[in-house]
Undergrad: 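My questions all concern the structure below.
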2 protein chains.
Amino acid sequence: MGKEPLTGDQYHHGNLRAALLDSALVVLTEKGVAGFSMREAARRVGVSQSAPKHHFGDARGLLGALATRAYRQLCDRLESLELAGLDARGRVTRIAAEYVAFAGENRALFDLMWRMTQFDFTAPELAEQKHRALRALDRSLRGEDAEPAASDTDPALLPSYAVWSLVHGYTTLALEGAIDSSNPDPLNSDLLPAMLALLDVSGPPRTSLP
Amino acid sequence: MGKEPLTGDQYHHGNLRAALLDSALVVLTEKGVAGFSMREAARRVGVSQSAPKHHFGDARGLLGALATRAYRQLCDRLESLELAGLDARGRVTRIAAEYVAFAGENRALFDLMWRMTQFDFTAPELAEQKHRALRALDRSLRGEDAEPAASDTDPALLPSYAVWSLVHGYTTLALEGAIDSSNPDPLNSDLLPAMLALLDVSGPPRTSLP
DNA sequence: CCCCTCATCTTGACAGTGAGCAGATGATTC
DNA sequence: GAATCATCTGCTCACTGTCAAGATGAGGGG
């Protein structure tokens, strides 16, 4: 009975699930998505190579749980933004900056988030978090008091889709060095606000012109 | 040393380099980036596992060559578009459709293209092709006769950056199922033209007039 | 002609990975 | 106490990328 530090954590070997998630995040950050190894994540918490199986099934399960947690963190940040006193354009700029900041602070995680279908990972909670991200963005754009969209195909969502697409596209292109590559920190450039200024975020064509 | 290739298949085992590229493309398309295997690509052309080493160095070299070829194909398609008689908005819509079509027809390849930094692959030709894509897009947007941008930071490029970001962002988000997921073929939806209609593509801040 | 050189390709290893299976281990409950 | 059950270990297997050393064959002087 190897009684390692029994501090607080009840060890059978503790709450392995959380420990493995943290360890996996470190490995992912260090090695990137391509260099990630489930064995190494297990090794770092001092546990056998097949310990993760009971908690996550397989490697995709682990990465999926990690991505789901990342989505939740991103949504939390977007939802907790302080936007009072800002007009629509100011809100959009603010939320775009937060989106880009998250991507910059969690590059490997951000990479992983948009690669889950490639890993054949389709958890309902993941799709739910994606919807949550859109809703958070839409609520910030149209204001707290605006009535939420009826469905995902509500034309009122169009500006939010456009903002998301533009911000997400710029983020991935900049991280890949395709845009603003001369800038040492393209994620902090003023290119994004300038691009957003070209976008009409006033609202959908609801029987009145822009 | 003779860079002169012989006609057709020169035997030792033919022109392996091209054959391996084709084979790798098939494997990539079938298994995706995550499931790609260099050994399998070699196996399919009936050659040993370490045959690719002489031509590509390692697996990243093979994928890099594949990505470079893909960039060139995309640029070729964008540059050969017939845009005569279209106004700026029509040209943008047309080029966006072509961009999305390429992504839909070559999903695994398109995935790979924006993942090369992750594989530590930095070939000068790859960066050059990215610039070429931007220039093709910009030329299509502002017309053949407009004077090209002086540098990558020329403010006149702003609309092109915005269009690229929006189109690229929508493409990746749609492929990932984050946008328009109820649509069975989100890449052919009319969402993208509607979003582009929200974008002001008229030109840079009019501090100077044409 | 022979022989030499050199690019190309094969063989055979090595370390590392994800996955599956039989069993130890220990907490919980009866 | 004993039985149950989730949890974790050790082992095996097939597979991967990479490397070093050896075959193979084409082309070019002597």
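Atom set for the values below is all heavy atoms of this structure, side chains included, hydrogens, waters and symmetry mates excluded. Numbers restart at 1 for each chain; the letters A, B, ... are given by sequence-line order, proteins then strands.
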Undergrad: In chain order, what residues pass the salt bridge (charged side-chain N to carboxylate O under 4.0 Å, His left out) check against Arg43(A), with sequence neighbours excluded?
TA: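 Salt bridge (charged side-chain N to carboxylate O under 4.0 Å, His left out) list for Arg43(A), sorted by chain: empty.
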Undergrad: What is the distance, rounded to the nearest whole Å, between atom CD of Glu40(B) and atom C1' of dA14(D)?
TA: 13 Å
Undergrad: For Asp22(A), what residues pass the salt bridge (charged side-chain N to carboxylate O under 4.0 Å, His left out) criterion, not counting sequence neighbours?
TA: Arg69(A)
Undergrad: Among pairs that include at least one residue of residues 46-61 of chain A, which meet salt bridge (Lys or Arg N to Asp or Glu O under 4.0 Å), considering only residues two or more places apart or in two chains?
TA: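 Output for this query lists Asp58(A)-Arg60(A).
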Undergrad: Just how far, in rounded Å, is C1' of dT17(C) from CZ of Arg60(A)?
TA: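 Distance check: Arg60(A) CZ to dT17(C) C1' gives 14 Å.
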Undergrad: With a 4.0 Å heavy-atom cut-off, tell me which residues in residues 49-59 of chain A come close to DNA chain D, sorted by residue number.
TA: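 When residues 49-59 of chain A is checked for heavy atoms under 4.0 Å from DNA chain D, the hits, listed by number, are Gln49(A), Ser50(A), Ala51(A), His54(A), His55(A).
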Undergrad: Sequence neighbours excluded, which residues qualify as side-chain hydrogen bond (donor to acceptor under 3.5 Å, both in side chains) partners of Thr171(A)?
TA: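 Expected list: none.
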Undergrad: Check DNA chain C against residues 29-39 of chain A and give the residues with a non-hydrogen atom under 4.0 Å, in numerical order.
TA: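 Going residue by residue through residues 29-39 of chain A, the ones with a heavy atom under 4.0 Å of DNA chain C turn out to be Ser37(A), Met38(A), Arg39(A).
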Undergrad: Atom CZ of Arg17(B) to atom P of dC9(C): distance rounded to whole Å?
TA: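 Rounded to whole Å, this separation is 12 Å.
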Undergrad: Can you list the residues that meet the salt bridge (charged side-chain N to carboxylate O under 4.0 Å, His left out) rule with Asp180(B), with sequence neighbours excluded?
TA: none
Undergrad: Establish, with yes or no, whether the OP1 or OP2 oxygen of dG16(C) is under 4.0 angstrom from a side-chain nitrogen or oxygen of Arg43(A).
TA: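 Result: no.
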Undergrad: Holding to side-chain hydrogen bond (donor to acceptor under 3.5 Å, both in side chains), I want the full list of residues that pass it with Arg139(B), two or more places apart in sequence or in another chain.
TA: Glu144(B)
Undergrad: For residues 48-67 of chain A, pull every pair meeting ring pair (Phe, Tyr, Trp, His ring centres under 6.0 Å), keeping only residues two or more places apart or in separate chains.
TA: none
Undergrad: Please report, rounded to the nearest Å, how far the C1' atom of dC8(D) is from the CG atom of Leu20(A).
TA: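 After rounding, the reported distance stands at 11 Å.
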Undergrad: Round to the nearest Å and state the distance from Asn15(B) atom CG to dC9(C) atom P.
TA: 9 Å
Undergrad: Between Arg94(A) and Glu98(A), is there a salt bridge with N-O shorter than 4.0 Å?
TA: yes
